[in-house]
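All remarks here apply to the structure that follows.
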Amino acid sequence: MNVLETDIPGVLVIEPDLHGDDRGWFMETWQERRYAEAGIRGPFVQDNMAHSRHGILRGLHLQHPHAQGKLVQVVLGEVFDVAVDVRRGSPHFGKWVGVILSGEDHRQLWVPPGFAHGYLVTSNEAVFSYKCTEYYHPETDLSIRWDDPEIGIDWPIVGHPSLSEKDASALLLKDVPPDRLPEYTP
Ligand SMILES: Cc1cn([C@H]2C[C@H](O)[C@@H](COP(=O)(O)OP(=O)(O)O[C@H]3O[C@H](C)C(=O)[C@H](O)[C@H]3O)O2)c(=O)[nH]c1=O
């Protein structure tokens, strides 16, 4: 398993070992001891899966309180996956990391608690699967605008993505009340 750092400390790309043979392939998508050694600690309490068509953008979402760490990967298709540091006081506040994840490369992204997360489907369809370190708390769920100019995410899209009503009416980061954002703890 290779673990690659990104421009934001703590956000990691994981390249799991793939065991191929004439039947196909096998991979361990998570293993507590090995991932903890890489700095990816649970406990993971919930697994999610979502299917989306081309051009769908889900995000940018976070929960606070009850911030979720997310170990994300694509089972089928391809997405552009983004993590944004929205921890108050972080030296990287407002900074984003974007990576292509696909069912072909099997890569994972570790999105620590305190980050807004979202992805754009760049294939005809995509099945997205991820582990969370906190339960779903819709009452503390928050959407931040995918196209917030102060974050400036370079989404690989021409025109406008397909969004949920919630995401279409999301706030700009500057308009989020400070107490709705997690605190940075070095
Ligand atoms: C997130 C979630 C949703 N739901 C239900 C609530 C709605 O009836 C339906 C769709 O929810 P939503 O539109 O919030 O789903 P996404 O837009 O994919 O939200 C996710 O998108 C971005 C990329 C994330 O990182 C978060 O995990 C999450 O916010 O699933 C649940 O029952 N449990 C859950 O944990």
Side-chain angles (χ1 to χ4, degrees), residues 6 8 10-14 29-30 35 40-87 90 92-103 107-148 151-157 160-173 175-177 180-182:
T6 65
I8 304 179
V11 180
L12 303 170
V13 173
I14 300 96
T29 52
W30 176 69
Y35 279 68
I40 299 166
R41 287 180 180 78
F44 290 100
V45 298
Q46 180 176 318
D47 283 0
N48 295 338
M49 188 174 284
H51 175 265
S52 311
R53 300 180 313 280
H54 183 268
I56 298 277
L57 192 153
R58 296 176 184 251
L60 301 163
H61 301 159
L62 73 145
Q63 288 185 175
H64 176 68
H66 307 295
Q68 295 170 307
K70 297 167 190 167
L71 179 62
V72 309
Q73 75 178 104
V74 171
V75 175
L76 170 76
E78 181 187 87
V79 309
F80 183 71
D81 197 78
V82 173
V84 185
D85 189 347
V86 293
R87 299 168 296 177
S90 167
H92 303 281
F93 183 82
K95 196 170 174 181
W96 63 277
V97 164
V99 293
I100 292 175
L101 303 176
S102 77
R107 294 194 314 169
Q108 298 168 315
L109 184 70
W110 167 241
V111 181
F115 281 69
H117 174 247
Y119 61 90
L120 169 71
V121 177
T122 50
S123 51
N124 287 336
E125 61 177 331
V127 175
F128 194 82
S129 173
Y130 54 113
K131 306 180 76 67
C132 302
T133 61
E134 246 298 356
Y135 295 106
Y136 177 50
H137 283 269
E139 74 283 5
T140 72
D141 197 26
L142 174 68
S143 280
I144 295 170
R145 280 266 301 265
W146 67 282
D147 59 348
D148 186 324
I151 299 174
I153 298 168
D154 187 15
W155 296 100
I157 188 167
H160 210 273
S162 303
L163 302 168
S164 65
E165 278 184 33
K166 175 179 75 170
D167 293 346
S169 56
L171 293 174
L172 294 173
L173 183 54
D175 294 333
V176 176
R180 290 290 284 114
L181 294 174

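Read the numbers this way: they start at 1 and go in the same order the structure lists the ligands and their atoms. Counting begins at 1 with the first residue of the sequence.
- Residue pairs satisfying the salt bridge (Lys or Arg N to Asp or Glu O under 4.0 Å) criterion with at least one member in residues 44-54, sequence neighbours excluded, are listed as follows: Asp47-Lys131.
- Taking a heavy-atom cut-off of under 4.0 Å, ligand 1 is surrounded by Gln46, Asn48, Arg58, His61, Lys70, His117, Tyr119, Tyr130, Tyr136, Lys166.
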Please output the side-chain donor-acceptor pairs of residues 54-64 that fall under 3.5 Å, not counting sequence neighbours, one pair per line with the distance.
{"from": "Arg58", "atom 1": "NE", "to": "Ser52", "atom 2": "OG", "distance (Å)": "2.8"}
{"from": "Arg58", "atom 1": "NH2", "to": "His51", "atom 2": "O", "distance (Å)": "3.2"}
{"from": "Arg58", "atom 1": "NH2", "to": "Ser52", "atom 2": "OG", "distance (Å)": "3.3"}
{"from": "His61", "atom 1": "NE2", "to": "Ser143", "atom 2": "OG", "distance (Å)": "3.3"}
{"from": "His61", "atom 1": "NE2", "to": "Asp167", "atom 2": "OD1", "distance (Å)": "2.5"}
{"from": "His61", "atom 1": "NE2", "to": "Asp167", "atom 2": "OD2", "distance (Å)": "3.2"}
{"from": "Gln63", "atom 1": "OE1", "to": "His137", "atom 2": "N", "distance (Å)": "2.6"}
{"from": "Gln63", "atom 1": "NE2", "to": "His66", "atom 2": "O", "distance (Å)": "2.9"}
{"from": "Gln63", "atom 1": "NE2", "to": "Tyr135", "atom 2": "O", "distance (Å)": "3.0"}
{"from": "His64", "atom 1": "NE2", "to": "Leu181", "atom 2": "O", "distance (Å)": "3.4"}

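- Counting only residues at least two apart or on different chains, the salt bridge (Lys or Arg N to Asp or Glu O under 4.0 Å) pairs with a member in residues 71-86 are Asp85-Arg87.
- The minimum heavy-atom distance between Val121 and Ala126, with the atom names listed, is CG1-CB, 3.7 Å.
- Relative ring orientation between Phe44 and Trp110 is described as perpendicular, the plane-to-plane angle rising above 60° on a 0-90° scale split at 30° and 60°.
- Paired with Leu71 under the rule side-chain contact (heavy atoms from CB on, under 4.5 Å), one option of Thr29, Thr133, Leu109, Ile14 passes, and it is Ile14.
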